[in-house]
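The structure under discussion appears below in the form of structure tokens.
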Amino acid sequence: MSEAPAHLVGILGGVGPAATVYFEQRLVERTDADRDQDHVRTLVFNDASIPDRTAFILGESDVSPVGPLRACAQTLERCGCDVLALPCNTAHYFFDDIQAAVGVPIVNMVRATMEHLARTGHRRVGVLGTIGTMQVDIFGREGAHWGVECVYPSLPVQQRVNAIIYDEVKAGRPTDPAALDELADLFADEGCTALILGCTELSFAFGSDAAHHRVTVVDPLEVLVEAVIAHAERPLRG
């Protein structure tokens, strides 16, 4: 008798495309596998046509991303996925609407991150992300349930973060690794003990440099990777 198929994880991607590819790469790297068959089975829907999340949140666009996000989730469910991952922090503003459209669970990356921070003893943390993420306080609202206070950048610092996200990563241009050290120092001076890379473009830019700063750098994309590997019942590497 043949074994039942392993879990199939649907990746609701395209928001943005580079971060989606990086998430898939990290899934492969973090799974403790000796052969192809030991890896997590995934189905990636890298739909780069989904309308901009931040522009809609800020009222700069009246084109909602909710319908396309729901449709992508439904497509993955119809293809047999039994859990979904959404590697985009800003899109988690619409999490409840997307989850309501499907009958399979979507891993909440923001919630898992704040739970991790609370469990590891962090009570005041900095957040880097899009203006949309800041405007609707995605991490702060979730952090309130876990006793974790979130600190956001000043406007000049936020403008630098925006440039990294939109003018560098999304535009396919390189980012100076030293920028993360400078940003981390600012939050350390504010009494933060951790810094959240609250945009998956920042994960793509800085993920490999996340362990060498005055504050603990926490990458929600890595938290999501670990949660997906656990759901798929695969061993975690490192």
Side-chain angles (χ1 to χ4, degrees), residues 10-26 43-77 84-102 106-111 113 126-142 150 152-175 179-180 183 196-207 219-221 223-224:
I11 301 175
L12 206 169
V15 283
T20 302
V21 173
Y22 180 63
F23 174 74
E24 179 78 358
Q25 175 187 332
R26 292 301 292 156
L43 184 61
V44 183
F45 194 162
N46 204 350
D47 187 356
S49 71
I50 295 171
D52 189 270
R53 286 66 59 200
T54 295
F56 181 76
I57 288 171
L58 296 179
E60 297 171 353
S61 169
D62 59 2
V63 183
S64 172
V66 173
L69 286 166
R70 288 166 61 105
C72 287
Q74 290 168 338
T75 297
L76 291 167
E77 182 180 31
L84 305 183
L86 175 56
C88 174
N89 294 278
T90 305
H92 275 67
Y93 178 66
F94 312 105
F95 181 88
D96 291 341
D97 287 328
I98 306 167
Q99 180 63 84
V102 293
I106 305 173
V107 180
N108 191 311
M109 176 167 61
V110 174
R111 184 169 302 149
T113 298
V127 183
L128 299 177
T130 65
I131 291 180
T133 295
M134 308 300 157
Q135 187 79 19
V136 295
D137 196 21
I138 290 174
F139 283 95
R141 290 188 303 168
E142 187 63 41
C150 289
Y152 295 108
S154 64
L155 181 58
V157 175
Q158 183 61 50
Q159 289 171 338
R160 172 61 180 128
V161 175
N162 292 347
I164 294 171
I165 294 170
Y166 292 100
D167 300 336
E168 295 175 11
V169 179
K170 285 185 180 292
R173 300 187 179 97
T175 297
L180 179 57
L183 292 166
I196 299 171
L197 298 181
C199 175
T200 46
E201 269 67 40
L202 299 176
S203 303
F204 179 76
F206 298 128
D219 185 353
L221 185 140
V223 175
L224 181 61

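What's counted below: heavy atoms across the whole structure, side chains too, no hydrogens, waters or symmetry copies.
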To the nearest 0.5 Å, tell me how far [X] [atom1] sits from [Y] [atom2].
X: Phe95; Y: Asn89; atom1: CZ; atom2: CG; value: 12.5 Å
X: Leu128; Y: Ile164; atom1: CG; atom2: CD1; value: 8.0 Å
X: Ser64; Y: Ile57; atom1: OG; atom2: CD1; value: 9.5 Å
X: Gln25; Y: Thr20; atom1: CD; atom2: OG1; value: 12.5 Å
X: Gln158; Y: Gln135; atom1: CD; atom2: CD; value: 10.0 Å
X: Ser154; Y: Gln159; atom1: OG; atom2: CD; value: 8.5 Å

Within the structure provided, determine whether [X] and [Y] are in side-chain contact (heavy-atom separation under 4.5 Å).
X: Ser49; Y: Pro68; value: no
X: Tyr166; Y: Thr54; value: yes
X: Pro87; Y: Glu24; value: no
X: Ile131; Y: Asn162; value: yes

*Glu168 atom CD, over 12 foreign heavy atoms within 6.0 Å*: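 Yes, enclosed.
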*Is it the case that more than 12 heavy atoms not belonging to Phe23 sit under 6.0 Å from its CZ atom?*
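Result for CZ/Phe23: enclosed.
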Donor-acceptor contact present, side-chain [X] to main-chain [Y], <3.5 Å:
X: Ser61; Y: Phe56; value: no
X: His92; Y: Met109; value: yes
X: Asp47; Y: Gly14; value: no
X: Gln99; Y: Ile106; value: yes
X: Arg141; Y: Val136; value: yes

Atom of [X], atom of [Y] and distance for their closest heavy-atom approach:
X: Ala19; Y: Leu221; result: O-CD1, 4.1 Å
X: Asp167; Y: Arg173; result: O-NH1, 2.9 Å
X: Tyr152; Y: Gly140; result: OH-N, 3.2 Å
X: Cys199; Y: Gly129; result: CB-CA, 4.0 Å
X: Gly198; Y: Phe139; result: CA-CE1, 3.8 Å

*asked:* Please determine whether a side-chain nitrogen of the Lys or Arg among Glu142 and Arg111 lies less than 4.0 Å from a carboxylate oxygen of the Asp or Glu.
replied: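 Counted as a salt bridge, because a side-chain N and a carboxylate O are separated by less than 4.0 Å.
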_Short side-chain donor-acceptor distance under 3.5 Å, Ser203 and Asp219_ =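 Yes, because at least one side-chain N or O of Asp219 sits under 3.5 Å from a partner of the opposite role on Ser203.
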*Would you please test Val21 and Asn46 for side-chain contact (heavy atoms from CB on, under 4.5 Å) and show each step?*
CA-CA 9 Å; Val21 173; Asn46 204 350; 4.1 Å; yes
*asked:* Going by side chain to side chain contact (heavy atoms under 4.5 Å, CB included), Leu86 matches just one of Leu12, Asn108, Thr200. Which one?
replied: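 Option passing the side chain to side chain contact (heavy atoms under 4.5 Å, CB included) with Leu86: Leu12.
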*Can you name the one residue among Asp137, Ile196, Leu197 that meets side chain to side chain contact (heavy atoms under 4.5 Å, CB included) with Val127?*
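Of all the options given, the one that passes is Ile196.
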Taking only distance into account, with no hydrogens and no angle test, what donor-acceptor pairs under 3.5 Å do side-chain atoms of residues 69-76 form with protein atoms, sequence neighbours excluded?
residue: Arg70; atom: NH1; partner: Asp97; partner atom: O; Å: 2.8
residue: Gln74; atom: NE2; partner: Ala101; partner atom: O; Å: 3.3
residue: Thr75; atom: OG1; partner: Ala71; partner atom: O; Å: 3.0
residue: Thr75; atom: OG1; partner: Arg78; partner atom: NH2; Å: 3.3

*Plane angle bin for Phe204 and Tyr22 - parallel if under 30°, tilted between 30 and 60°, otherwise perpendicular*: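 Tyr22 and Phe204: perpendicular rings.
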